[in-house]
Amino acid sequence: MTGPGSTLPAVDDTQLTTEPLSRSFYRRDPRAVAPELLNKVLVRGRRAGRIVEVEAYCGSIDPGSHAFRGRTNRNATMFGRPGLLYVYFTYGMHFCANAVCGEEGEGVAVLLRGLTPLRGLGQMRKLRPAARRDADLCSGPAKLCAAFGLGRAFDGADLVTGDRGVVIGDDGTPPPAQPVVTTRIGLAAGRGDEHPWRWYVAGAAGVSRARQLGLT
DNA sequence: ACCGGGATGTTCT
DNA sequence: GAACATCCCGGTG
């Protein structure tokens, strides 16, 4: 098995066939979509990475969600149609990417937090010079955006039609039968940090913080 | 391994 | 003016 610290297989030339997920896949509660996004594949051109860590953000019922206080210029895409990519800028230097879920106008989404790099690792390394190991190329929400070159220009991209060259596809790998579930990362106390809305693939390379919550 | 602090700028109070 | 869905580096044990 491939552990967080082990070497990734040399897959830069692996052939990979994926079918983009449908609009209806996203048109559901993000807490249902999130665990099913595990083991799907984010693809942009030659670059591809398997989704191994996600978090659900639940709009008006979720103080941790950007959409909690309603629509603003920044979060407008979150209120768009399901299947759009919501990219936001944070901490003065990072971008993070979400898949918009639910019905249009709901303001719910799934944050992509970690990927196992599959293909196009050379390009990722150029954009992530600080990454010491290949497993850390995409092991965080801002890291994966950097590795895939996802910035402002990709806010509102359609993951179903691939209008801007980014899709989430299915290569036939099923989601894990028993994903690890924990609370979400980086939320202040009382701002939705108590909800167990983070899911990741046990033992997968690219999980940002594998040992949260008493994992043995 | 685990912590602490700094970088950097947009958004909202 | 504070907060921020983060990351990296350099300290210490």
Side-chain angles (χ1 to χ4, degrees), chain A residues 3-6 29-31 33-35 37-38 42 49 51-80 84-102 106-115 117 124-156 180-200 205-216:
Chain A
S6 57
D29 190 298
R31 291 164 292 187
V33 175
L37 276 174
L38 294 177
L42 180 70
I51 298 169
V52 294
E53 180 185 352
V54 293
E55 286 176 355
Y57 285 87
C58 300
S60 60
I61 66 161
D62 178 8
S65 168
H66 288 170
F68 184 62
R69 290 186 169 80
R71 181 177 183 140
T72 65
N73 281 339
R74 181 204 201 191
N75 64 23
T77 297
M78 239 184 126
F79 292 85
L84 296 189
L85 191 68
Y86 166 48
V87 178
Y88 68 87
F89 183 68
T90 191
Y91 289 106
M93 60 188 88
H94 299 303
F95 292 96
C96 296
N98 301 249
V100 175
C101 294
E106 244 192 293
V108 298
V110 172
L111 173 67
L112 306 180
R113 281 200 60 94
L115 310 176
M124 296 183 196
R125 289 187 196 106
K126 284 186 190 168
L127 295 171
R128 294 259 316 119
R132 299 179 148 272
R133 309 172 304 150
D134 287 345
D136 288 328
L137 251 16
C138 304
S139 60
K143 295 178 187 176
L144 71 89
C145 281
F148 276 71
L150 300 177
R152 268 178 242 286
F154 289 85
D155 182 35
V180 182
V181 187
T182 77
T183 53
R184 296 175 293 179
I185 307 273
L187 296 184
R191 305 240 51 212
D193 60 312
E194 72 275 22
H195 296 119
W197 292 344
R198 173 178 179 242
W199 291 263
Y200 67 86
V207 173
S208 68
R209 290 156 67 170
R211 356 155 180 243
Q212 209 198 310
L213 285 202
L215 191 72
T216 55

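Each chain gets a letter, A, B and so on, in the order the sequences are listed, and its residues count up from 1. As the structure is a prediction and not an experimental result, all values here were calculated from the model.
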Against the side chain of Met93(A), the closest entry in dT6(C), dC8(C), dT8(B) is dT8(B)
Among dT6(C), dA5(C), dC12(B), which nucleotide has an atom closest to any side-chain atom of Tyr57(A)?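 Nearest nucleotide to the side chain: dA5(C).
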What is the distance from [atom1] of [X] to [atom2] of [N], rounded to the nearest Å?
| X | N | atom1 | atom2 | value |
| --- | --- | --- | --- | --- |
| Tyr88(A) | dA3(C) | OH | P | 18 Å |
| Leu144(A) | dA5(C) | CG | P | 16 Å |
| Lys143(A) | dC9(C) | NZ | P | 10 Å |
| Asp155(A) | dT10(B) | CG | C1' | 14 Å |
| Arg133(A) | dC8(C) | CZ | P | 12 Å |
| Arg69(A) | dT11(B) | CZ | P | 16 Å |
| Glu53(A) | dA5(C) | CD | P | 16 Å |
| Ile185(A) | dA5(C) | CD1 | C1' | 10 Å |

Which residue, Arg152(A) or His94(A), contacts DNA chain B at a nucleotide closer to its 5' end, judged by nearest heavy atom? His94(A)
Mapping Arg71(A) and Thr90(A) to their closest nucleotides on DNA chain B, which lands nearer the 5' end? Thr90(A)
So what does Asn73(A) touch, heavy atoms closer than 4.0 Å: a base, only the sugar-phosphate, or nothing?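 Asn73(A): no heavy atom of the nucleic acid under 4.0 Å.
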Under 4.0 Å between any heavy atoms, over every strand shown, what does Gly64(A) touch: base, sugar-phosphate, or nothing? Just pick one. base
Quick one: look up who dG9(B) pairs with, Watson-Crick or G-U, both distances under 3.5 Å, and put none if it's unpaired.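 Result: dC4(C).
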Using both distances under 3.5 Å as the test, list the Watson-Crick or G-U wobble partner of dG4(B), or none.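 Paired with dG4(B), as far as the under-3.5 Å criterion goes, is dC9(C).
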Do [X] and [Y] come within less than 4.5 Å of each other through their side chains, counting heavy atoms only?
| X | Y | value |
| --- | --- | --- |
| Tyr88(A) | Asn98(A) | yes |
| Cys145(A) | His94(A) | no |
| Thr182(A) | Tyr200(A) | yes |

Checking Arg113(A) side chain against Arg184(A) main chain: does a donor-acceptor pair fall under 3.5 Å? no
More 5' along DNA chain C: Arg128(A) or Arg191(A), using each one's nearest nucleotide?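 Of the two residues, Arg191(A) wins.
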Quick check, does Tyr91(A) stack with dA7(B)? I mean ring centres under 5.5 Å and planes off by under 30°.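 So Tyr91(A) does not count as stacking on the base.
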Salt-bridge contact Asp62(A)-Arg31(A) (side-chain N to carboxylate O under 4.0 Å):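 No salt bridge links Asp62(A) with Arg31(A).
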Between dA5(C) and dC3(B), how far apart are the P atoms? Round to whole Å, please.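 Each nucleotide's P atom is 22 Å from the other's.
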